[in-house]
Amino acid sequence: MFLSKKQPSAAVPWIEKEKYQKSKDVYFKFLLNPHFRYTAFLFVFLSFWFLLQVFWFPPTKTQYATNTVAAVTTTTTSYGVHQNPRTTATLSSPKCNGRVSVYVYNLPAEFNVGLLEDCSHLNVYTNMCPHVANRGLGQPLDNMDLGSSDVNPWFSTHQFIAEVIFHARVENHPCRTRDPAKANLFYVPFYGGLHVSSKFREQNHTMRDALAVRLADYLQDQPAWREHYGKDHFIALGRTSWDFMRIESGPDFGANCLLNLPPVKNMSVLTVERNPWQGSNQHGIPYPSYFHPSTSDQMLTWQRMMRRSNRPYLFSFIGAPRKGVDKAAIRDEMIKQCAESTRCKLQQCNHGNPKCYNPAEILRVMRESQFCLQAPGDSFTRRSTFDSILSGCIPVFFSRHTAYTQYAWFLPEKTSEYSVYIDEQGNGSKRIEEELSKISEEEVERMRATVIDMIPRLTYAHPNASSTDLGFEDAVDVALEALAHHVRTKIQDDNAIAASR
């Protein structure tokens with residue numbers, strides 16, 4: 001037990017002095033004891049050794065560092081819970097933990113890098129040489145408002161180049177294995193989008209399909225393929241699925257037959273736009289935007305900027321009119337309504353408007369807007385959807401196939417958390433401003449917070465980024481994790497069916 005010690009009084013100083021003297025004599029005798037001296041020496045030595053370990057050999061950083069980010073209003077999504085403003089959420093960089101182990105095929109050059117040697121002819125409409133540079137990121141842009149970042153994360157990235165970026169990211173991915181026996185995913189890095197766009201005007205279907213057919217033949221000869229007949233294999237394509245699903249009885253707009261080949265139907269196909277009706281093995285991945293950060297600091301800085309961005313316009317539209325009855329109707333309606341409203345920022349892209357080819361100008365319009373209208377383009381999807389999310393602008397969709405049926409792995413399951421849907425066939429499409437004005441300011445803030453929090457998982461990080469510095473899961477990480485789960489479930493189901501026979 002512990003008792004409080006009384007303070008010495010002036011009346012008994014000699015008693016305290018005598019007690020102190022006796023204690024002192026005992027103390028010095030104790031110091032002369034050899035057992036005590038040995039114990040003291042051992043204690044000092046061990047203390048010194050411990051301090052040396054702590055300060056001279058500091059603990060090494062783990063490969064997967066974590067970083068904190070100022071987060072957003074509380075919202076539960078299909079991929080996590082977002083915290084309140086003034087709190088922090090921890091974002092972790094990808095951890096394989098045995099769930100993802102991806103083997104990258106070393107394909108003959110004709111299927112990927114060999115195509116880049118003739119980059120000026122990879123697209124019948126434009127010279128792709130500037131766009132395949134920097135491992136698919138394209139030409140560097142001025143560092144857009146990120147201050148003194150060591151590595152510029154901004155590039156003029158082509159919208160149909162995801163397959164090259166994906167390849168570069170997986171080659172440098174921490175979950176990559178060089179031993180096929182340890183892999184649960186097999187990546188086939190075929191630059192199918194670049195190849196098909198170089199053959200759009202080829203009238204001979206046999207010649208147009210030749211490279212795709214050779215790829216299918218090559219894969220079927222591989223030992224890893226025969227293990228599960230390609231069910232654990234996947235490809236990533238930078239163009240829409242329609243460019244690889246030619247129908248002989250339908251109109252010929254330049255597509256080949258890649259996704260109609262039986263071996264490829266066994267595989268998983270990652271594509272920027274899947275076929276909502278016939279794409280059971282197809283999974284949507286984001287179009288690449290212009291931002292490719294190398295560190296979590298770059299990502300966090302950009303997200304903070306988007307949260308603080310002044311947005312004077314209620315809504316905006318960037319685009320050009322389209323030909324065709326259905327496409328023209330909704331776009332013409334958007335352009336008309338936006339032009340007539342003082343609360344809308346319109347950037348028309350017809351007649352070669354240079355602002356529409358300037359990433360800084362595109363993102364500036366979106367950063368100043370609360371809502372960004374996303375009309376279907378030449379197909380259902382648009383790269384603009386991902387530009388708007390990057391800018392913290394809430395996307396407004398007029399077709400469910402623009403995003404909802406496309407990117408299930410990447411977007412919250414509850415669509416109203418991050419977007420607005422206005423049926424292009426309904427009356428709401430005739431009064432867009434009125435529909436958007438009905439949404440309360442609090443709801444707009446909540447939705448925008450969710451949109452900004454989605455940015456990392458929809459972004460393609462710089463291929464050279466180290467997993468230690470990255471500190472967040474990008475689009476490739478999300479795709480690999482979801483794909484590994486999908487393939488594992490698929491094979492287990494097939495095995496269960498086989499066992500029941």
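As the structure is a computational prediction, the values presented were derived from the model and not from experiment.
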Taking atom NE2 of His158 and atom CD1 of Ile165, what is their separation to the nearest 0.5 Å? 11.0 Å
Look at the side chain of Arg226 and the backbone N and O of Asp221, then say whether any donor-acceptor pair between them is shorter than 3.5 Å. yes
With heavy-atom distances below 4.5 Å as the criterion, would you say the side chains of Met267 and Trp225 are in contact? yes
Heavy-atom closest contact (Glu163 atom, Gly238 atom, distance): OE1-N, 2.7 Å
Note: Asp209-Arg214 ion pair, threshold 4.0 Å (strictly below): no
Can you classify the ring geometry of His195 versus Phe190 as parallel (below 30°), tilted (30 to 60°) or perpendicular (above 60°)? tilted
Check: Leu116 and Leu122 side chains under 4.5 Å, non-hydrogen atoms: yes
Atom NE2 in His283, atom OG in Ser241: separation rounded to 0.5 Å? 12.0 Å
Keeping Thr126 on the side-chain end and Met128 on the backbone end, is there a donor-acceptor pair under 3.5 Å? no
Where Tyr290 and Ile362 come nearest, the two heavy atoms and their spacing: OH-CD1, 3.7 Å
N/O donor-acceptor pair under 3.5 Å between Arg178 side chain and Tyr103 backbone: no
Salt bridge Glu417-Lys414, side-chain N to carboxylate O under 4.0 Å: no
Approximate separation, where rounding is to 0.5 Å, of Leu115 CG and Leu211 CG: 6.5 Å
Are Cys372 and Pro395 packed together at the side-chain level, in the sense that at least one heavy-atom pair is separated by less than 4.5 angstrom? no
Ignoring hydrogens and geometry, is there a side-chain-to-backbone donor-acceptor pair from Ser101 to Lys182 under 3.5 Å? yes
Mutual orientation of the aromatic rings belonging to His486 and Trp409 [parallel < 30°, tilted 30-60°, perpendicular > 60°]: tilted
What one should report as the nearest heavy-atom pair of Cys119 and Asn127 is O-OD1, 3.8 Å
Tell me whether Asn112 contacts the main-chain N or O of Pro189 through its side chain, where contact means a donor paired with an acceptor under 3.5 Å. yes
Would you mind reporting whether Asp232 and Asn184 have side-chain heavy atoms less than 4.5 Å apart? no
Between Lys490 and Asp494, does any side-chain N to carboxylate O distance fall below 4.0 Å? no
Just say parallel, tilted or perpendicular for the rings of Phe234 and Phe166, cut-offs at 30° and 60°. perpendicular
For Glu333 and Arg331, run salt bridge (Lys or Arg N to Asp or Glu O under 4.0 Å): C-alpha distance rounded to whole Å, both residues' side-chain angles, the deciding distance at 0.1 Å, then the answer. CA-CA 5 Å; Glu333 188 65 35; Arg331 287 210 170 207; over 6 Å; no
Have Ser419 and Tyr404 got a donor and an acceptor in their side chains that come within less than 3.5 Å? yes
Is the shortest side-chain heavy-atom distance between Phe244 and Cys257 below 4.5 Å? no
Check the side chains of Gln374 and Ser384 for a donor-acceptor pair under 3.5 angstrom, ignoring hydrogens and angles. yes
Heavy atoms, side chains only, cut-off 4.5 Å: are Leu346 and Val365 in contact? no
Taking 4.0 angstrom as the limit, do Arg99 and Glu481 come out as a salt bridge? yes
Quiz question: by atom type and distance under 3.5 Å, do the side chains of Tyr187 and His167 form a donor-acceptor pair? no
The reported gap from OG in Ser268 to CG in Asn281 (rounded to nearest 0.5 angstrom) is 6.5 Å
Between atom CD1 of Ile161 and atom CG of Asn134, what is the distance when rounded to the nearest 0.5 Å? 11.5 Å
To the nearest 0.5 angstrom, please state how far the CG atom of Asp453 sits from the CZ atom of Arg448. 14.0 Å
Give the ring-plane orientation class for Phe186 versus Tyr105, where under 30° counts as parallel, over 60° as perpendicular and anything between as tilted. tilted
Using a strict cut-off of less than 4.0 Å between a Lys/Arg side-chain nitrogen and an Asp/Glu carboxylate oxygen, indicate whether Asp474 and Arg169 qualify as a salt bridge. yes
Where is the tightest heavy-atom contact between Gly392 and Ile452, given as atom of each residue plus distance? CA-CG1, 3.8 Å
Taking the six-membered ring for Trp, are Phe386 and Tyr407 parallel (under 30°), tilted (30 to 60°) or perpendicular (over 60°)? perpendicular
Any side-chain donor paired with an acceptor under 3.5 Å for Asn123 and His131? no
Find out whether Ile455 and Met299 are in side-chain contact, i.e. whether some heavy atom of one side chain is under 4.5 Å from a heavy atom of the other. yes
Cut-off 3.5 Å, side chains only: do Thr240 and Glu273 have a donor facing an acceptor? no
Looking only at atom types and distance, does a side-chain atom of Thr295 sit under 3.5 Å from a main-chain N or O of Gln298, one as donor and one as acceptor? yes
Are the side chain of Thr489 and the backbone of His485 linked by a donor-acceptor contact shorter than 3.5 Å? yes
With a 4.0 Å cut-off on N to O distance, would you call Glu424 and Arg400 a salt bridge? no
Which atom names give the shortest non-hydrogen contact between His292 and Ala461, and what distance separates them? CB-C, 4.2 Å
Side-chain contact, heavy-atom cut-off 4.5 Å: Asp252 with His205? yes
Measure across Gly428 and Glu435 and return the closest heavy-atom pair with its distance rounded to 0.1 Å. O-CG, 3.8 Å
Can you check whether Pro376's main-chain N or O pairs, donor with acceptor, with Arg382's side chain at less than 3.5 Å? no
What is the ring orientation for Trp277 with Trp242, classed by angle as parallel under 30°, tilted 30 to 60°, or perpendicular over 60°? tilted
